[in-house]
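Below: one structure, written as structure tokens.
Values reported hereafter were calculated over all heavy atoms of this structure, with side chains retained and with hydrogens, waters and symmetry mates removed.
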Amino acid sequence: MSGENSDSATCSGTTLTVNGKPHTLLVDHRRVLLDVLREDLDLWGAKKGCDHGQCGACTVLVDGRRVNSCLLLAVALDGSEVRTVEGLGGDGGELHPLQRAFLDRDAFQCGYCTPGQLCSALGMLDEAAVGHPSRVTGDTSDGGPVPLDRDEISERLNGNLCRCGAYPRIVDAVEDVIR
């Protein structure tokens with residue numbers, strides 16, 4: 001637990017399964033998931049960008065859904081499964097197909113936004129697979145997976161900002177994975 005002045009009145013025991021490993025922590029009620037991941041669990045992939053949920057640099061997956069970890073109180077996630085960029089690859093150190101595609105397409109430039117972009121892309125692929133529409137999705141009356149073209153991918157990833165402007169390469173990398 002971080003913070004010298006924390007006491008049991010402002011802290012709660014919280015259990016999170018992060019990248020497949022359970023962690024039980026005493027967490028100050030005011031701490032967000034991003035800070036717990038970075039400061040308590042030494043998972044530095046999710047970045048602290050705007051601290052307002054506007055840039056997407058802190059995107060992780062909670063119970064399979066992409067979230068801005070800078071906005072979520074860690075104690076509210078007790079019992080949740082969290083997946084960070086560090087948990088995308090395989091047990092043997094192999095890269096996730098999205099990570100490999102980002103490297104192959106040079107879709108990372110400075111790399112600051114890359115962990116959030118990767119988690120967001122993975123979440124977006126799962127959302128489309130189960131039929132969640134976006135602003136640009138056409139008819140979804142059949143309830144099936146949403147086909148992902150460049151416009152659909154771009155729309156779904158628009159909450160993740162890239163200062164370097166690698167957006168076309170990021171979309172290319174996602175297209176490589178789904179084709």
Side-chain angles (χ1 to χ4, degrees), residues 1-96 98-99 102 107-130 132 134-135 155-164 166-167 170 174:
M1 177 184 66
S2 290
E4 298 292 321
N5 298 324
S6 297
D7 63 26
S8 62
T10 61
C11 297
S12 292
T14 303
T15 300
L16 301 171
T17 301
V18 182
N19 299 328
K21 296 177 186 165
H23 298 273
T24 300
L25 308 156
L26 187 59
V27 179
D28 186 302
H29 297 165
R30 300 163 292 189
R31 292 189 68 217
V32 294
L33 177 60
L34 176 62
D35 293 339
V36 169
L37 292 171
R38 293 175 60 83
E39 297 167 11
D40 297 356
L41 301 179
D42 293 326
L43 296 170
W44 299 94
K47 301 296 188 255
K48 194 177 268 278
C50 66
D51 256 350
H52 297 287
Q54 297 175 351
C55 72
C58 67
T59 302
V60 298
L61 302 168
V62 173
D63 296 330
R65 299 292 308 252
R66 54 190 169 148
V67 299
N68 291 322
S69 62
C70 72
L71 296 179
L72 297 175
L73 294 173
V75 295
L77 301 173
D78 188 36
S80 294
E81 300 252 346
V82 179
R83 191 169 180 195
T84 69
V85 69
E86 291 91 347
L88 294 187
D91 292 334
E94 64 272 2
L95 296 176
H96 185 280
L98 279 168
Q99 291 171 307
F102 269 59
F108 52 89
Q109 304 229 353
C110 84
Y112 195 82
C113 73
T114 304
Q117 296 277 3
L118 285 164
C119 286
S120 187
L122 184 58
M124 175 270 301
L125 291 173
D126 291 343
E127 291 165 12
V130 297
H132 291 226
S134 78
R135 184 186 62 79
E155 171 63 24
R156 289 173 180 269
L157 294 178
N158 75 4
N160 290 78
L161 304 180
C162 174
R163 178 174 274 201
C164 301
Y167 299 115
I170 291 168
V174 173

Just do the side chain to side chain contact (heavy atoms under 4.5 Å, CB included) check on Q117 and L98 with the steps written out, would you? CA-CA 10 Å; Q117 296 277 3; L98 279 168; over 6 Å; no
Nearest heavy-atom contact between D35 and R31 is O-NH2, 3.3 Å
Got R163 and C113 here, is their nearest side-chain heavy-atom distance under 4.5 Å? no
If you compare all heavy atoms of A74 against all heavy atoms of V27, which two are closest, and at what distance to 0.1 Å? CB-CG1, 3.9 Å
With heavy-atom distances below 4.5 Å as the criterion, would you say the side chains of V32 and D51 are in contact? no
Counterpart residues, side chain to side chain contact (heavy atoms under 4.5 Å, CB included), relative to E86 (two or more places apart): N19, L43, T84
Are N158 and R135 close enough, and set up right, to give a side chain to side chain contact (heavy atoms under 4.5 Å, CB included), and what steps lead you there? CA-CA 11 Å; N158 75 4; R135 184 186 62 79; 5.8 Å; no
OG1 (T114) and CZ (F102) are apart, to the nearest 0.5 Å, by 6.5 Å
Least distance between heavy atoms, A57 atom then Y112 atom: CB-CE2, 4.3 Å
Set of side chain to side chain contact (heavy atoms under 4.5 Å, CB included) partners for L161, sequence neighbours left out: C55, Y167
The criterion is side chain to side chain donor-acceptor pair (under 3.5 Å); which residues satisfy it with S120, sequence neighbours excluded? R66, N160
Starting at OG of S69, measure out to CG of L34 and round the result to the nearest 0.5 Å. 4.0 Å
Separation between SG of C58 and CZ of R38, rounded to the nearest 0.5 Å: 10.0 Å
Of V60, D63, L88, the one forming a side-chain contact (heavy atoms from CB on, under 4.5 Å) with R83 is L88
Spacing of CG belonging to D78 relative to CG belonging to L16, to within rounding of 0.5 Å: 7.0 Å
My understanding is that only residues two or more places apart in sequence, or in another chain, count here; which of them pass side chain to side chain contact (heavy atoms under 4.5 Å, CB included) with Q54? C50, H52
Quick one, L61 with D126, criterion side chain to side chain contact (heavy atoms under 4.5 Å, CB included). Give me CA distance, side-chain angles, the key distance, then yes/no. CA-CA 11 Å; L61 302 168; D126 291 343; 5.6 Å; no
Passes side chain to side chain contact (heavy atoms under 4.5 Å, CB included), H23 versus D40? Steps please. CA-CA 10 Å; H23 298 273; D40 297 356; over 6 Å; no
Minimum heavy-atom separation for V85 and G45, please, with both atom names. CG1-CA, 3.7 Å
The criterion is side chain to side chain contact (heavy atoms under 4.5 Å, CB included); which residues satisfy it with R65, sequence neighbours excluded? E127, H132
Spatial distance of atom SG (C11) from atom CZ (R30) [nearest 0.5 Å]: 8.0 Å
Of the non-hydrogen atoms in A128 and R156, which two are nearest, and what is the gap between them? N-NH1, 3.9 Å
To the nearest 0.5 Å, what is the distance between CG (L122) and CG (L118)? 9.0 Å
Holding to side chain to side chain donor-acceptor pair (under 3.5 Å), I want the full list of residues that pass it with T15, two or more places apart in sequence or in another chain. T24
